[in-house]
Amino acid sequence: MKYAIGIDYGTESGRVILVNIENGDIVATSVTPYPHGVITGHLNNRTLGKETALQVPQDYLEVLINSIPEVMKEINPNDIVGIGLDFTSSTILPVDENLNPLCETKEHENNPHAYVKLWKHHEAEDEAKHLNKIVQQEQWTKRYGGTISSEWMLPKVLEIANDDPPLFNQVHLFLEAGDWVISKLTGNLIRNSCSAGYKGTWHKETGFIDNETLQKISPALNDIYKTKLQGNVQSSGTLAGTLTKEISVKVGLHEGTPVAVGIIDAHAALPGAGVSEPGTLVMVMGTSTCHLLLSDKEVLVPGISGVVEGGILPGYFAYEAGQAAVGDLFAHFLKNYQTNFETLSDEAKILHPGQSGLLALDWHNGCRTPFVDTTLSGVLVGEKLSTTPAEVYRALLEATAFGTKVIIDLFEKHEIPINQVIATGGIPNKNNLLMQIYADILQKEITVVQNDQAPALGAAILGAVAAGAYDSYSRAIRHMASNKTIVYKPNKDNANIYIQLFDMYKQLSTFFTEQSSIMHDLNHLKGEKKYDRKPMEHLQ
Ligand SMILES: Nc1ncnc2c1ncn2[C@@H]1O[C@H](COP(=O)(O)OP(=O)(O)O)[C@@H](O)[C@H]1O
Ligand SMILES: O=C(CO)[C@H](O)[C@H](O)COP(=O)(O)O
């Protein structure tokens, strides 16, 4: 029996799976929660900005050192054909000449800018707005729905250049954390095409932003792609190199084991969920939800995260859209009410659509698609003295489904066909109420992959292909991807009520984005900088 290892670096933990490459059976799984988790509020004794979300790079190595031996307990290292890895993105860190993280030095241990900035670190909004003003007329921005997000590489780099020039000057390279882990595994520095394409504005023919534009954005960015952002971009899933002696000893594998170039976590879930052709929307539902879709054609859809040729699988344009808080939003609510999913779901299940009189906007971590604005915030309308926690919980579940309907409608309006919707990630198998609500609101069947590890499985598939165990992604996907599913069908009566509620959801979102500046004014009163209103005409 031969196996591939898939490693999935999510927001809270890293998961390692061992996969039989002939039939895709996951024979062992190990989860390592990041010892330092997501750092918010304080770093050592220093108070952090409210939107700061940091991580500790050593935690990623802990995942390798703990979880690889754990899945290898019964297995001979000779039987491992290859390793694939996916990572949240854009999650970046500054390193020195030896690729060592700057936060590991005494000098910078209390400096937040020296740490990993997680994808959901939202402090670079000013930088993103500034950058967007300069590049918004350029044709290439349309591939990114018209807006560069503050979650991405350049705004985060610019945040450091603006806030801490001495540290910025000391940085040798800024790396995606996934590329940093690959460098630790193989000794090779490679920038993966998936992160570079979706989060780094790289295009396989035209490359990165030209230097003239970079200088207009900020003198600090002069020649940045030849200096702090240098490095070859290589296609995700091709061979990055082989395990070094140093790391192979630590994880109990053979030196020389092939390792694939990394990919973004959500994007890995598409092959992991068994998709190798256009027309199937894959919703990767976890801390956030990412929506991935293959197509034969490139359509410039406003408000999406991006469309990248070959972004996931060679030969297809791959679209990404997203919602920045889904599981995170539910967790936030549970924490505030000191309750749990089971209790709330039991109570929320017996409510009828519309019964509570509540309606929510799911923007508690900003809105990714279609408004690309991390400064937007959540809303709940209709609350009364008689409102129960289960009613609010159900309204939040519904709000995330309405957010997904906005995304599906956007794709369909731009004539990108969606014939099937697949749900995967950590949530769908844990919450059947949520999945039924999605079927009712989207008025589509939802196929749930009976495996929570689609990103890790997708990474293992890339590892097997990079190692030469399969000669094509489609063959590897056919053999290795999940094929056990359950299907949620829409309930007509519920769907009819949700049509009316969805109309109100859209009115509410139009109000808070176009007709009223209340949300942004609230930020202003809190002492945050006032951001320019974004023209919304492009979304009409
Ligand atoms: N029963 C549940 N219903 C809805 N969300 C859940 C449930 N259990 C856990 N979650 C959410 O799932 C998210 C974690 O998703 P997961 O896919 O495992 O991790 P990651 O997003 O880090 O890849 C958390 O935000 C958590 O609140
Ligand atoms: O932007 C992303 C993908 O493009 C992030 O990686 C993603 O939103 C975080 O993933 P998760 O919710 O699974 O932790």
Side-chain angles (χ1 to χ4, degrees), residues 7-15 29 31-34 37-38 53 55 63 86-92 118-122 144 149-153 176-178 192 194-195 197-200 236 262-270 272 282-292 304-306 308 311-312 318-335 339-346 348-349 364-366 368-369 372 374 393-394 396-397 400-401 423-435 437-438 449 451-456 458-459:
I7 310 171
D8 168 38
Y9 284 97
T11 299
E12 312 271 348
S13 63
R15 277 89 51 155
T29 301
V31 181
T32 301
Y34 303 135
V38 179
Q55 291 196 315
V63 172
D86 69 67
F87 216 108
T88 67
S89 180
S90 190
T91 297
I92 70 153
L118 186 59
W119 65 272
K120 67 175 187 174
H121 171 92
H122 282 167
Y144 299 102
S149 163
S150 68
E151 290 184 0
W152 299 356
M153 177 66 98
E176 282 283 342
N192 79 80
C194 186
S195 296
Y198 287 95
K199 316 292 177 178
S236 294
I263 185 169
I264 302 176
D265 56 347
H267 301 58
L270 184 134
V282 177
M283 304 190 291
V284 190
M285 305 177 70
T287 306
S288 61
T289 292
C290 293
H291 309 75
L292 289 320
I304 61 164
S305 306
V308 175
I312 304 180
Y319 292 79
E320 179 190 353
Q323 291 166 270
V326 177
D328 237 5
L329 166 55
F330 309 147
H332 168 75
F333 174 76
L334 257 54
K335 202 168 109 200
T339 178
N340 57 54
F341 280 112
E342 290 70 33
T343 313
L344 279 179
S345 294
D346 287 346
K349 227 172 239 170
H364 296 63
N365 195 18
R368 255 196 210 168
T369 304
V372 202
T374 62
Y393 172 66
R394 185 169 174 127
L396 295 178
L397 300 185
T400 67
T424 185
I427 295 182
N429 286 306
K430 296 195 186 100
N431 196 325
N432 50 26
L433 169 64
L434 182 72
M435 298 326 299
I437 288 174
Y438 271 61
V449 178
N451 155 19
D452 296 351
Q453 303 290 0

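These values consider heavy atoms only, across backbone and side chains, with no hydrogens, waters or symmetry-generated copies. Each ligand, and each atom within it, is numbered from 1 in the order the structure gives.
In terms of N/O distances under 3.5 Å, ligand 1 is approached by G327. Remark: ligand 2 and E320 share an N or O pair separated by less than 3.5 Å (distance only, no angle test). For ligand 1, the polar-atom distance check against D328 finds a nitrogen or oxygen pair separated by under 3.5 Å. At under 3.5 Å, a nitrogen or oxygen of T11, whether backbone or side chain, sits near a nitrogen or oxygen of ligand 2. Considering both main-chain and side-chain atoms, K199 comes within under 3.5 Å of ligand 2 through a nitrogen or oxygen pair. Taking any N or O of T287, backbone or side chain, at least one lies under 3.5 Å from an N or O belonging to ligand 1. The distance criterion of under 3.5 Å between nitrogen or oxygen atoms is met by R15 with respect to ligand 1. For ligand 1, the polar-atom distance check against G10 finds no nitrogen or oxygen pair separated by under 3.5 Å.
In this structure, the protein non-hydrogen atom closest to atom 6 (O) of ligand 2 is D265 OD1, 2.7 Å. Atom 22 (O) of ligand 1 has as its closest protein heavy atom T11 N, 2.9 Å. Looking at atom 3 (N) of ligand 1, its nearest protein heavy atom turns out to be N431 ND2, 3.0 Å. Atom 4 (C) of ligand 1 has as its closest protein heavy atom F341 CE2, 3.4 Å. Looking only at protein heavy atoms, the nearest one to atom 2 (C) of ligand 2 is S89 O, 3.1 Å. Looking only at protein heavy atoms, the nearest one to atom 12 (O) of ligand 1 is I427 CG1, 3.5 Å.
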| query | Would Q323 and R368 count as a side-chain contact (heavy atoms from CB on, under 4.5 Å) if you check the C-alpha gap in whole Å, the side-chain angles of each, and the deciding distance to 0.1 Å? | reply | CA-CA 5 Å; Q323 291 166 270; R368 255 196 210 168; 5.9 Å; no
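Near W119, meaning under 4.0 Å from any of its heavy atoms, are these atoms of ligand 2: 9 (C). Near E12, meaning under 4.0 Å from any of its heavy atoms, are these atoms of ligand 1: 22 (O).
Distances shorter than 4.0 angstrom occur between a heavy atom of H267 and an atom of ligand 2. At a 4.0 Å cut-off, not a single heavy atom of G322 sits close enough to ligand 2 to count as contact.
At a 4.0 Å heavy-atom cut-off, ligand 2 touches S288 through backbone and side chain alike. Under 4.0 Å from ligand 2, the heavy atoms of R368 that appear belong solely to its side chain. At a heavy-atom cutoff of 4.0 Å, ligand 2 is contacted by both the backbone and the side chain of T88.
With Y144 as the fixed residue, the ring pair (Phe, Tyr, Trp, His ring centres under 6.0 Å) test singles out one of W152, Y319, Y198: W152.
Between H364 and F333, the distance from one ring center to the other does not fall under 6.0 angstrom.
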